[in-house]
Asker: 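I am attaching a structure below and will ask some questions about it afterwards.
Residue numbering restarts at 1 for every chain, and letters A, B, ... go by the order of the sequence lines.
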There are 2 protein chains.
Amino acid sequence: MKNATIQYPIDSNMTNINKQECPILYALQIIGQKWKLPILWYLHEQQTTRYNELKRRIPGITNIMLTKSLRELEEAGLVARHAYETIPPKVEYSLTDVGLNLLPTLNELYKWGETQMKKNK
Amino acid sequence: MKNATIQYPIDSNMTNINKQECPILYALQIIGQKWKLPILWYLHEQQTTRYNELKRRIPGITNIMLTKSLRELEEAGLVARHAYETIPPKVEYSLTDVGLNLLPTLNELYKWGETQMKKNK
DNA sequence: CAGAATCCCTGCGGATACTG
DNA sequence: CAGTATCCGCAGGGATTCTG
């Protein structure tokens, strides 16, 4: 059996416990919500981006979702926030090394998805 | 810029259109729901599995969710369904090559998640 | 400029019961 | 054994308004 090193712990009711035990579910918890990948993607494209520019670049996202997603990504260590204490305020976001480390994996997922899209079309 | 080959199309309101254009969102659409990965995981571990055994192996899943998830995975081409026309019925599920092709990517995600879990703990 | 507060709604998934 | 049928609750996310 290939990939026999993967462990996939599951508890009786799929609570957070197993999400904190299974690295795949853990990862999906971090990047799986609606706006996380678009945000990571644009931060990757533009290196360092201000709040409002990010908002413009991701059509449809609201302040709430953008702020919430950025905070969660920051807490998970994928995104760095740098606030300049000026008036008006200026806040820049960028990918950390942790965030950058995710990109090759996303690339893998991209290639798999691309192949499937062609097949299913 | 690395990974410059990744395209990430987004439309104005994040509808299905962009989910059908972006391979990453497309992939997440297929494997991102609550029970998809556990199902894929156990099918990988046990090769060919009957409906009720799958249900026993995935604690907490209901018939509805198991059937629904299997149908979607089947439609996406990741899972094969083989029904024996006997009484009582016997239905076996297994991973297709498409499903197997996803495992290396999941392994990548696993390693990334594992690293993050250690850091954030 | 970069958010926070408030209210609201849809739809994913859960619970229970039933069947060819 | 392998599912359907029904009903229901909640949380993720939307729309709008406001502010240091």
Side-chain angles (χ1 to χ4, degrees), chain A residues 10-16 18-19 25 28-39 42-43 46 48-76 79-94, chain B residues 10-16 18-19 25 28-39 42-43 46 48-76 79-94:
Chain A
I10 294 188
D11 67 351
S12 57
N13 54 357
M14 295 288 293
T15 63
N16 285 332
N18 90 73
K19 286 188 182 175
L25 295 184
L28 249 38
Q29 215 180 359
I30 295 175
I31 63 163
Q33 295 87 328
K34 183 167 181 177
W35 302 101
K36 296 288 183 68
L37 286 178
I39 290 172
Y42 279 109
L43 285 179
Q46 306 173 24
T48 286
T49 314
R50 296 180 66 170
Y51 179 91
N52 268 346
E53 186 182 349
L54 211 41
K55 195 184 167 192
R56 278 192 301 274
R57 294 281 181 171
I58 304 176
I61 196 169
T62 62
N63 282 330
I64 307 244
M65 281 300 105
L66 180 53
T67 300
K68 185 162 175 283
S69 303
L70 284 170
R71 292 280 188 278
E72 290 171 8
L73 289 172
E74 191 191 354
E75 199 194 339
V79 162
R81 186 187 117 110
H82 189 246
Y84 300 84
E85 300 295 333
T86 58
I87 297 177
K90 175 180 178 181
V91 182
E92 289 182 339
Y93 294 91
S94 57
Chain B
I10 293 187
D11 67 350
S12 57
N13 53 355
M14 294 290 290
T15 63
N16 284 331
N18 90 75
K19 287 189 182 173
L25 295 184
L28 250 39
Q29 214 179 2
I30 294 174
I31 63 163
Q33 295 87 328
K34 184 165 182 179
W35 303 101
K36 295 287 183 68
L37 286 177
I39 290 172
Y42 280 108
L43 286 180
Q46 306 173 22
T48 286
T49 314
R50 296 180 66 172
Y51 179 91
N52 269 347
E53 186 182 348
L54 211 41
K55 195 185 169 190
R56 278 192 302 273
R57 295 280 182 172
I58 305 175
I61 196 169
T62 61
N63 282 329
I64 306 245
M65 280 301 104
L66 180 52
T67 301
K68 186 162 176 282
S69 301
L70 284 170
R71 292 280 187 279
E72 290 172 7
L73 289 172
E74 192 191 354
E75 200 194 340
V79 162
R81 186 187 118 111
H82 189 246
Y84 300 84
E85 300 296 334
T86 57
I87 298 177
K90 175 179 176 181
V91 182
E92 289 182 338
Y93 293 92
S94 58

Asker: Quick one: which of C:dG14, C:dA2, C:dG3 gets closest to the side chain of B:Met65?
Answerer: C:dG14

Asker: Roughly how many Å is it from NE2 in A:His82 to C1' in C:dA2, rounded to a whole number?
Answerer: 15 Å

Asker: First locate atom CG of A:Leu43, then atom CG of A:Leu73, and finally report the distance between them rounded to the nearest 0.5 Å.
Answerer: 8.0 Å

Asker: Taking CD from A:Glu92 and P from C:dG3, how many angstroms apart are they, rounded to a whole number?
Answerer: 12 Å

Asker: In whole Å, I'd like the distance from the CD atom of A:Glu53 to the P atom of C:dG3.
Answerer: 14 Å

Asker: Report yes if at least one side-chain N or O of B:Arg81 is closer than 4.0 Å to OP1 or OP2 of D:dA2; otherwise report no.
Answerer: no

Asker: Consider the side chain of A:Thr67, meaning its heavy atoms from C-beta on, and name the nucleotide among D:dA5, C:dG14, C:dA4 that approaches it most closely.
Answerer: C:dA4

Asker: Could you tell me the separation between the CG atom of A:Leu70 and the C1' atom of C:dA4, rounded to a whole number of Å?
Answerer: 15 Å

Asker: Can you identify which nucleotide, out of D:dA5, D:dC1, D:dT16, has its nearest atom closest to the B:Ile64 side chain?
Answerer: D:dA5

Asker: Between C1' on C:dG3 and CD1 on A:Ile87, what's the gap in Å once rounded to a whole number?
Answerer: 15 Å

Asker: Compare the minimum distances between each of D:dT4, D:dG14, C:dG3 and the side chain of A:Tyr51, then state the nucleotide with the smallest one.
Answerer: C:dG3

Asker: Among C:dG13, D:dG13, D:dA2, which nucleotide has an atom closest to any side-chain atom of A:Gln33?
Answerer: D:dG13

Asker: Is there a side-chain polar atom (N or O) of A:Asn63 under 4.0 Å from OP1 or OP2 of C:dG3?
Answerer: no

Asker: Report yes if at least one side-chain N or O of B:Arg71 is closer than 4.0 Å to OP1 or OP2 of D:dT4; otherwise report no.
Answerer: yes

Asker: In Å and rounded to the nearest 0.5 Å, what is the CE to NZ distance from A:Met65 to A:Lys36?
Answerer: 10.0 Å

Asker: Go through the steps to decide whether A:Gln33 and A:Lys68 satisfy the test side chain to side chain contact (heavy atoms under 4.5 Å, CB included), and finish with yes or no.
Answerer: CA-CA 11 Å; A:Gln33 295 87 328; A:Lys68 185 162 175 283; over 6 Å; no

Asker: Are there over 12 heavy-atom neighbours, none belonging to A:Glu53, within less than 6.0 Å of that residue's CD?
Answerer: yes

Asker: In whole angstrom, give the distance that lies between atom CD of A:Glu72 and atom P of C:dG3.
Answerer: 14 Å

Asker: Can you figure out which of C:dG13, D:dG14, D:dG3 approaches the side chain of B:Trp35 most closely?
Answerer: C:dG13

Asker: Are A:Leu70 and A:Tyr51 side-chain neighbours, meaning at least one heavy-atom pair lies under 4.5 Å?
Answerer: yes

Asker: Rounded to the Å, how far apart are A:Lys55 NZ and C:dA4 P?
Answerer: 13 Å

Asker: Can you see if the side chain of B:Tyr93 gets near the phosphate of D:dC1 - specifically, an N or O under 4.0 Å from OP1 or OP2?
Answerer: no

Asker: Under 4.0 Å between a side-chain N or O of B:Lys34 and OP1 or OP2 of C:dG14?
Answerer: yes

Asker: From the list D:dC1, C:dG13, D:dG3, which nucleotide is the closest neighbour of the side chain of B:Arg50?
Answerer: D:dC1

Asker: Roughly how many Å is it from NZ in B:Lys68 to P in D:dT6, rounded to a whole number?
Answerer: 17 Å

